[in-house]
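Remarks on the structure that follows.
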Amino acid sequence: MNATIDAVRVAGTEQGPVAVVVLAVEAESDVLPIFIGFEEAASIARGVDAEDIGRPLTHDLLLDVVEELGGRVTRIVVDDVEDGTYIADLHVDTPRGETVIDARPSDSLALAARTNADIEVDPSVFADGAQPAAEFADLDEIQDVAELA
């Protein structure tokens with residue numbers, strides 16, 4: 001299933017605020033929320049906003065290394081859930097061919113946001129985690145509640 005990063009928001013929970021990246025899936029009214037850390041959320045938001053803060057941060061550095069070595073991030077696939085934790089694969093074209101790298105969804109999405117790489121969600125993962133989009137529509141954008149610089 002083709003997906004896009006719809007938003008990076010902050011949800012209030014009983015344990016306090018938590019960052020969530022909201023994936024919109026093509027032809028679906030529900031969304032797939034993935035709860036992540038604030039640093040990862042800020043990095044995804046920087047990528048979505050194409051914000052350049054001067055010196056490269058971790059995801060910018062990783063992308064620079066991949067590209068300097070002749071690679072290109074082509075797509076990410078959120079393909080499993082294990083004990084409530086989403087699992088993703090990062091697909092990279094390299095001079096030796098395509099390679100698939102196990103990666104956290106947050107790291108993969110931060111790279112996808114910087115490269116416009118395709119984002120895919122396994123249908124069973126979407127079915128298990130889909131929630132109504134309205135539940136996330138009124139949450140604050142991470143950029144509005146956190147200093148991203």
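A distance of 8.5 Å separates CD1 of I34 from OG of S106, quoted to the nearest 0.5 Å. Atoms CD and CG, from Q143 and D49 in turn, are 4.5 Å apart once rounded to the nearest 0.5 Å. For the atom pair OG1 (T99) and CG (D89), the distance works out to 10.0 Å, reported to the nearest 0.5 Å. The structure places CZ of R75 at 10.5 Å from CG of L90, a figure rounded to the nearest 0.5 Å. Between M1 atom CE and E120 atom CD the span is 11.5 Å, to the nearest 0.5 Å. Within the model, atoms OG of S124 and CG of D80 stand 7.0 Å from one another, a figure rounded to the nearest 0.5 Å.
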Candidate pair I76 and L111, rule side chain to side chain contact (heavy atoms under 4.5 Å, CB included), full reasoning: CA-CA 9 Å; I76 69 128; L111 292 170; 5.8 Å; no
Residue pair F126, V78: steps toward the side chain to side chain contact (heavy atoms under 4.5 Å, CB included) verdict: CA-CA 9 Å; F126 181 76; V78 181; over 6 Å; no
Stepwise side chain to side chain contact (heavy atoms under 4.5 Å, CB included) test for D122 and V77: CA-CA 7 Å; D122 184 274; V77 182; 5.5 Å; no
Stepwise side chain to side chain contact (heavy atoms under 4.5 Å, CB included) test for T4 and I119: CA-CA 6 Å; T4 58; I119 301 169; 5.6 Å; no
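Of all the heavy atoms in Y86 and V125, the pair that sits closest is CE2-CG1, 3.6 Å. When all heavy atoms of A113 and I5 are compared, the closest pair comes out as CB-CD1, 4.1 Å. Across R9 and F136, no two heavy atoms sit closer than the pair NH1-O, 2.9 Å. Across every non-hydrogen atom of P95 and G71, the tightest pair is CD-N, 4.4 Å. Minimum interatomic distance between L139 and A11 (heavy atoms only, all atoms of both residues): CD1-CB, 3.8 Å.
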Validation: residues 56-66 side-chain donor-acceptor distances under 3.5 Å, sequence neighbours left out:
residue, atom, partner, partner atom, Å
H59, ND1, S43, OG, 2.6
H59, NE2, D107, OD1, 2.8
D60, OD1, R114, NE, 2.7
D60, OD2, L57, N, 3.2

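In this structure, E39 places its CD atom where only 12 or fewer heavy-atom neighbours from other residues, nucleotides or ligands lie under 6.0 Å away.
D118 meets the side-chain hydrogen bond (donor to acceptor under 3.5 Å, both in side chains) test with no other residue; sequence neighbours excluded.
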